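Predicted model only: the values in this text are computed from it and were never measured.
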2 protein chains.
Amino acid sequence: MARPIQIRDPLPMVSDSFGDTQTQILDAAEQLFAEQGFGATSLRSIIRAADVNLAAIHYHFGSKEKLIVATIERMAQPIVQAELQQLAAVQAEHPQPTVEAILHAMLAPALEIVYHGQGDRGLTQARLMGRCRTEPTIEPIGARAFAKSSQTFLTALQQALPDQSTSELTWKFDLVIAMLIRVLCAADQPNAILQDNSPAETAAAIERLVNFAAAGMKS
Amino acid sequence: MARPIQIRDPLPMVSDSFGDTQTQILDAAEQLFAEQGFGATSLRSIIRAADVNLAAIHYHFGSKEKLIVATIERMAQPIVQAELQQLAAVQAEHPQPTVEAILHAMLAPALEIVYHGQGDRGLTQARLMGRCRTEPTIEPIGARAFAKSSQTFLTALQQALPDQSTSELTWKFDLVIAMLIRVLCAADQPNAILQDNSPAETAAAIERLVNFAAAGMKS
DNA sequence: AATTAATTAAAACGTATGATTGAATGTAAC
DNA sequence: GTTACATTCAATCATACGTTTTAATTAATT
């Protein structure tokens, strides 16, 4: 009972991440969560796609909820990093950036992953990001993953639009995020703003979206 | 076997709709679907809230999916009707209405049900409308219920903004709907555009949203 | 080679779901 | 009062879910 348990590093971390069970699970989960949603995706469909045993999920992640958190954080981290980086670059160049410049730094990274990812990975990640707001149980997890980004951009917009009240800016900001998520989720539908994942088309879509959003923000 | 079966009207329709099993089920389903989503709401939680037998749902509606369709259509019908009516009124007054006037006719009815409904019914219906786009399985059902409205308003906007291409207008229109739904779903969150369901606050929120959306549409 | 821990595998657990059944009850018509 | 139908009810079906358990397997350490 009161025996001292010697705990070893539980994650020896294989050098070659391909074939790593954790990565296989995360990859399959990412795709299925993005396609079907979190609630609608069963652990059994994930292990089928990942070709691993059912117990592996609980061994490596503990529960379905923790797997969801891990999947979301793995997707969000690079996006948040890119967003903050772009904002910092814009602010370094110009101490008081325009609304358009701020919105570009905020919207571009999420849309760019659509063609930066290998194969369809980017589109999958984009959809997964969108899903974070569509399921009420999951929203807090997604909000936490993107909290740092939201907070930073809201302050930047506050400085660019000093005449607008905080509450006004907050709901406008919220609507811009809603627009971004809609664009991500509807990326393959007919007449969507984002027709294909070519770099040129993505850049054009970003510009269209930035102009649309900026007009609203300044209204 | 080949006996001529005399089929009576399957819905004798009680004059007093209160106490009607179908209505009780629809009311409970509406609230629970709106609060928890369609997939997350079990038929058993519905019959518990409606105080009816489980078989009653299958007897009156056939399946969970058909109950969902019935719930959505009951909610959508008055909204679509109000939207088309407001648009017709605007067009009757002015042959070529402004973008703002069109958007007002399009956004106001959905937001107004928030305080027109008795008690919390309005807020529930608003959230239910929002849910129609958040669950992928349900989206086609919702789209069908609002198809007539979408189609009509898109043509009206096309006439008001003849310089913009159809595809451009389509994705802008889609983003405006996304904004509306976000407003409906986030109606009770802090810093939401819609703070309470008082008529004055709702009218102000409608104006803010119309201005925000019109600026984007014209960009 | 022996030992120890990390990982995978198969099977089952308890619970919940949507759906169905067949009997009971109510209700109007003849 | 009997028949015919609409409706309600309790019970059950088959299936699927997230989780846990126990044993087998693999890999590293000594």
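- Nucleic acid contact class of L54(B) (heavy atoms, under 4.0 Å, all strands): base.
- dG18(D) atom P lies 16 Å from atom NZ of K66(A), rounded to whole Å.
- Between T21(B) and dT8(D) there is a side-chain polar atom (N or O) within less than 4.0 angstrom of OP1 or OP2.
- The stretch residues 34-47 of chain A touches DNA chain D through T41(A), S42(A), L43(A), R44(A), each having a heavy atom within less than 4.0 Å of the strand.
- The interatomic distance linking I68(B) (CD1) with dT17(C) (C1') rounds to 13 Å, in whole Å.
- For the pair I25(B) CD1 and dT7(D) C1', the computed distance is 11 Å after rounding to whole Å.
- Sequence neighbours left out, the pairs with a member in residues 31-41 of chain B that pass side-chain hydrogen bond (donor to acceptor under 3.5 Å, both in side chains) are Q31(B)-E35(B), Q36(B)-T41(B).
- Residue N53(A) contributes atom CG, which lies 7 Å from atom C1' of dA10(C) at whole-angstrom precision.
- One interatomic measurement links the two molecules: CD1 of I57(A) to P of dT20(D), which rounds to 13 Å at whole-angstrom precision.
- Closest to the side chain of Y59(A), from the set dA19(C), dA6(C), dG18(D), is dA6(C).
- The CG-C1' distance, from L67(B) to dA19(C), rounds to 14 Å in whole Å.
- Taking atom CZ on F61(B) and atom P on dA19(C), their separation rounds to 13 Å, with Å as the unit.
- Formation of a donor-acceptor pair under 3.5 Å by the E135(B) side chain with backbone atoms of G39(B) is found in this model.
- Across the protein-nucleic acid pair, E65(A) atom CD and dC17(D) atom C1' stand 16 Å apart, rounded to whole Å.
- Among the protein residues, A55(A) comes within range of the nucleic acid bases, having at least one heavy atom under 4.0 Å from a base atom.
- For the helix from dA1(C)-dT30(D) to dC30(C)-dG1(D), the end axes, each set by the C1' atoms of five terminal pairs, are bent relative to each other by 0° (nearest 10°).
- More than 12 heavy-atom neighbours from other residues, nucleotides or ligands sit within 6.0 angstrom of CD on E139(B).
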